[in-house]
Colleague: 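What follows is a structure written as structure tokens; I'll ask about it next.
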Amino acid sequence: MAADKWRAKLLDLKAANPPTDFSWYGYDILANTAHLDGLLSGADRDVFDTIDGGSIADIGAADGDLGFLFADLGFDVDVVDWPSTNWNGMRGARALRDLLGSPATINEVDLDSQFDLPRERYDMVLLLGILYHLKNPYYALEYIARHSRYCLLSTRVARLVRADGTVIDGEPVAYLLDPAECNNDATNFWIFTLAGLHRLAQRCGFVVKASYTVGDLTASNPQDPDHDERAFMLLESTVYQR
């Protein structure tokens, strides 16, 4: 699999080039590819073939491992993040781009503002693990629907308010976190139910082409790391115009 070979290449590259003034992003971004493999089936499995060589925005990209993979596969990639909320102020993404000699661009975009992306039209936006960190997820998805044909989305979801609390599964709602309530991370804001996430996507101008969840599928809640559930979706815009 291309992702496994790419992971090995990046691990070797990072080990051979230890940074002196920052640390590489601490999580395995490319683990998302295994979940995308579970998400995409049937005709949806060929979604990247339909946009072969097209434009991709990797939003909230951390060190850009995934975006640089797609650039290596021949796609035209914009890596997008914001220094103040990025693990290492985007120094990792810039260093990795230079080490790889990647043609991907690095772009600073404040996703908590009424932002614009680097170009008007994309074939695909990757929005993996970012939505619950955004203050205004409605604006973000609505904007992306107008500017991208497809979106691959993942975010944390919940079925209960707490492990022993109110059942919210099936209701189209979102839980607003206290700043210290989830991993003591003030950038965690909205934990949707799966029904709420589906409704949000549809209200913002998308058709949910495929949906897939991993983690605790019975007692997930917004606070407890031992009861974490993640939703992955392939979205197709109904309002995108070439």
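Only a predicted model underlies this, so the values are computations on that prediction, with no experimental measurement involved.
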Colleague: State, yes or no, whether a side-chain contact exists between Glu108 and Pro83 at a heavy-atom distance under 4.5 Å.
Modeller: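 Contact flag for Glu108/Pro83 side chains = yes.
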Colleague: Any sub-3.5 Å donor-acceptor pair from Asp46's side-chain atoms to Asp49's backbone N or O?
Modeller: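 Absent.
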Colleague: Are there more than 12 heavy atoms of other residues, nucleotides or ligands under 6.0 Å from atom CZ of Arg119?
Modeller: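 Yes - once you tally the heavy atoms of other residues, nucleotides and ligands closer than 6.0 Å, there are more than 12.
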Colleague: Using only atom types and a distance under 3.5 Å, with no angle test, would you say the side chain of Ser220 pairs donor to acceptor with the backbone of Leu217?
Modeller: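 Not a single qualifying donor-acceptor pair exists.
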Colleague: Say you draw a straight line from CG of Leu177 to SG of Cys182; how long is it, rounded to the nearest 0.5 Å?
Modeller: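 So the gap between those two atoms works out to 5.5 Å.
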Colleague: Whether Asp72 and Lys5 form a salt bridge (side-chain N of Lys/Arg under 4.0 Å from carboxylate O of Asp/Glu) is what I want to check.
Modeller: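 Answer for the salt bridge query: no.
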Colleague: Could you measure the distance from the CD1 atom of Ile168 to the CZ atom of Phe192? Nearest 0.5 Å is fine.
Modeller: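 Output value for this atom pair is 11.0 Å.
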Colleague: Let me check something: do Val207 and Tyr122 share a hydrophobic cluster, defined by ILVMFWY side-chain heavy atoms less than 4.5 Å apart, either directly or through other members?
Modeller: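 Shared cluster, no.
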Colleague: Looking at CD1 of Ile106 and CE of Met90, how far apart are the two atoms once the value is rounded to the nearest 0.5 Å?
Modeller: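 So the gap between those two atoms works out to 6.0 Å.
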Colleague: Whether Asp28 and Arg7 form a salt bridge (side-chain N of Lys/Arg under 4.0 Å from carboxylate O of Asp/Glu) is what I want to check.
Modeller: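 Between Asp28 and Arg7 there is a salt bridge, with a charged N closer than 4.0 Å to a carboxylate O.
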Colleague: Starting from Tyr212, can I reach Phe48 by hopping between I/L/V/M/F/W/Y residues whose side chains sit under 4.5 Å apart?
Modeller: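 Linked, Phe48 and Tyr212 end up in one cluster.
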Colleague: So which heavy atom on Val161 is nearest to which on Asn221, and how close?
Modeller: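 Scanning both residues completely, I find the closest heavy atoms to be O-CB, 3.9 Å.
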Colleague: Does His198 reach the side chain of Ser211, with side-chain heavy atoms less than 4.5 Å apart?
Modeller: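 Yes, their side chains come closer than 4.5 Å.
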Colleague: Mind running side-chain contact (heavy atoms from CB on, under 4.5 Å) on Leu96 and Leu13 for me, showing each step along the way?
Modeller: CA-CA 9 Å; Leu96 197 54; Leu13 191 65; 3.9 Å; yes
Colleague: If we only count heavy atoms from C-beta on, is the Ser154 to His35 side-chain gap below 4.5 Å?
Modeller: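 Counting from C-beta outward, Ser154 and His35 never come under 4.5 Å.
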Colleague: Would you say that Tyr240 contacts Arg121 through its side chain, given a criterion of any heavy-atom pair below 4.5 Å between the two side chains?
Modeller: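 Yes, close enough: below the 4.5 Å cut-off.
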Colleague: State, yes or no, whether a side-chain contact exists between Val173 and Tyr175 at a heavy-atom distance under 4.5 Å.
Modeller: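 With C-beta onward as the side chain, the pair stays apart.
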Colleague: For the backbone of Gly205 and the side chain of Thr238, can you confirm whether one donor and one acceptor N or O come within less than 3.5 Å of each other?
Modeller: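 Confirmed, Thr238 side chain pairs with Gly205 backbone.
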Colleague: Could you walk me through whether Asp58 and Phe70 pass the side-chain contact (heavy atoms from CB on, under 4.5 Å) test, one step at a time?
Modeller: CA-CA 9 Å; Asp58 183 8; Phe70 281 108; over 6 Å; no
Colleague: Linking I/L/V/M/F/W/Y whenever any side-chain heavy atoms sit under 4.5 Å apart, do Leu152 and Val208 land together?
Modeller: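 Per the 4.5 Å side-chain linkage, Leu152 and Val208 are not co-clustered.
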Colleague: With a 4.5 Å cut-off on side-chain heavy atoms, are Phe115 and Asn136 touching?
Modeller: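 The answer is no; the side chains never approach within 4.5 Å.
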Colleague: Got more than 12 heavy atoms from elsewhere within 6.0 Å of CZ, Phe22?
Modeller: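 Count over threshold, so yes.
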Colleague: In Å, rounded to the nearest 0.5 Å, how long is the span from CE of Met233 to CG of Leu194?
Modeller: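 Interatomic distance, Met233 CE to Leu194 CG, rounded to 0.5 Å: 5.0 Å.
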Colleague: Carefully, step by step, assess Leu10 and Leu100 under the rule side-chain contact (heavy atoms from CB on, under 4.5 Å).
Modeller: CA-CA 9 Å; Leu10 293 187; Leu100 290 166; 4.0 Å; yes
Colleague: Verify, without hydrogens or angle tests, whether Ser237 (side chain) and Ala145 (backbone) share a donor-acceptor contact under 3.5 angstrom.
Modeller: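 Yes.
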Colleague: What is the distance from atom CG of Asp178 to atom CG of Asn188, rounded to the nearest 0.5 Å?
Modeller: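 One gets 11.0 Å once the value is rounded to the nearest 0.5 Å.
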Colleague: Taking the side chain as every heavy atom from C-beta outward, state whether Leu141 and Leu131 have any atom pair closer than 4.5 Å.
Modeller: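 Yes. Closest side-chain heavy atoms under 4.5 Å.
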Colleague: Is a side-chain N or O of Asn107 found less than 3.5 angstrom from the main chain of Val79, in a donor-acceptor match?
Modeller: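 Indeed, once roles are kept as given, a pair shorter than 3.5 Å links the two residues.
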Colleague: Is Asp63 reaching over with its side chain to a backbone N or O of Trp24, donor-acceptor style, under 3.5 angstrom?
Modeller: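 Not at all, since once roles are kept as given, no pair shorter than 3.5 Å links the two residues.
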Colleague: How close do Asp110 and Trp82 get, counting heavy atoms only, and between which atoms?
Modeller: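 Looks like N-CE3, 3.3 Å.
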Colleague: More than 12 heavy atoms of other residues, nucleotides or ligands under 6.0 Å from CZ of Arg94: is that the case?
Modeller: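 Counting other residues, nucleotides and ligands, CZ of Arg94 exceeds 12 neighbours.
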Colleague: Run the side chain to side chain donor-acceptor pair (under 3.5 Å) check on His227 and Asp216 step by step: do they pass?
Modeller: CA-CA 5 Å; His227 295 280; Asp216 187 340; 2.6 Å; yes
Colleague: Under 4.5 Å between any side-chain heavy atoms of Arg159 and Thr218, yes or no?
Modeller: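 Result no, sub-4.5 Å side-chain heavy-atom pair not found.
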Colleague: Answer yes or no: is there a donor N or O on one side and an acceptor on the other, between the side chain of Asn32 and the main chain of Ile29, under 3.5 Å?
Modeller: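 Checked: pair present.
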Colleague: Please report the shortest heavy-atom distance between Arg97 and Ala104, naming the atom on each side.
Modeller: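 Minimum heavy-atom separation between Arg97 and Ala104: CD-O, 3.5 Å.
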Colleague: Closer than 3.5 angstrom, by distance alone: can the side chain of Asp81 be matched with the main-chain N or O of Ala61 as a donor-acceptor pair?
Modeller: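 Yes; judged by distance alone, with no hydrogens or angles, the pair exists.
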Colleague: If you apply the rule side-chain contact (heavy atoms from CB on, under 4.5 Å), what do you find for Tyr150 with Thr50, and how did you get there?
Modeller: CA-CA 11 Å; Tyr150 293 106; Thr50 68; 4.2 Å; yes
Colleague: Do you know the tightest heavy-atom contact between Leu30 and Ala3?
Modeller: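 Where Leu30 meets Ala3 most closely, the heavy atoms are CD1-O, 4.0 Å.
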Colleague: Kindly say whether Ala62 contributes a backbone atom to a donor-acceptor pair with the side chain of Asn86 at under 3.5 angstrom?
Modeller: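 Flag set: sc Asn86 to bb Ala62 pair under 3.5 Å.
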Colleague: Between Phe206 and Met124, is there shared hydrophobic-cluster membership here, with clusters defined by ILVMFWY side-chain heavy atoms closer than 4.5 Å?
Modeller: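 No; Met124 is not reachable from Phe206 via cluster members.
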Colleague: Check whether any side-chain N or O of Thr193 sits under 3.5 Å from a backbone N or O of Gly170 as a donor-acceptor pair, and report yes or no.
Modeller: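 Not confirmed, Thr193 side chain does not pair with Gly170 backbone.
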Colleague: Nearest 0.5 Å, what's the CG-CZ distance between Leu197 and Arg156?
Modeller: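 Taking CG in Leu197 and CZ in Arg156, the distance rounds to 14.0 Å.
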Colleague: Is Trp190 reachable from Leu235 through a run of I, L, V, M, F, W or Y residues, each pair having side-chain heavy atoms under 4.5 Å apart?
Modeller: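 As far as the 4.5 Å side-chain criterion goes, Trp190 and Leu235 are connected within one cluster.
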Colleague: Could you give me the CA-CA distance, side-chain angles and deciding distance for Asp65 and Tyr25, then say whether side chain to side chain donor-acceptor pair (under 3.5 Å) is met?
Modeller: CA-CA 10 Å; Asp65 300 40; Tyr25 184 68; over 6 Å; no
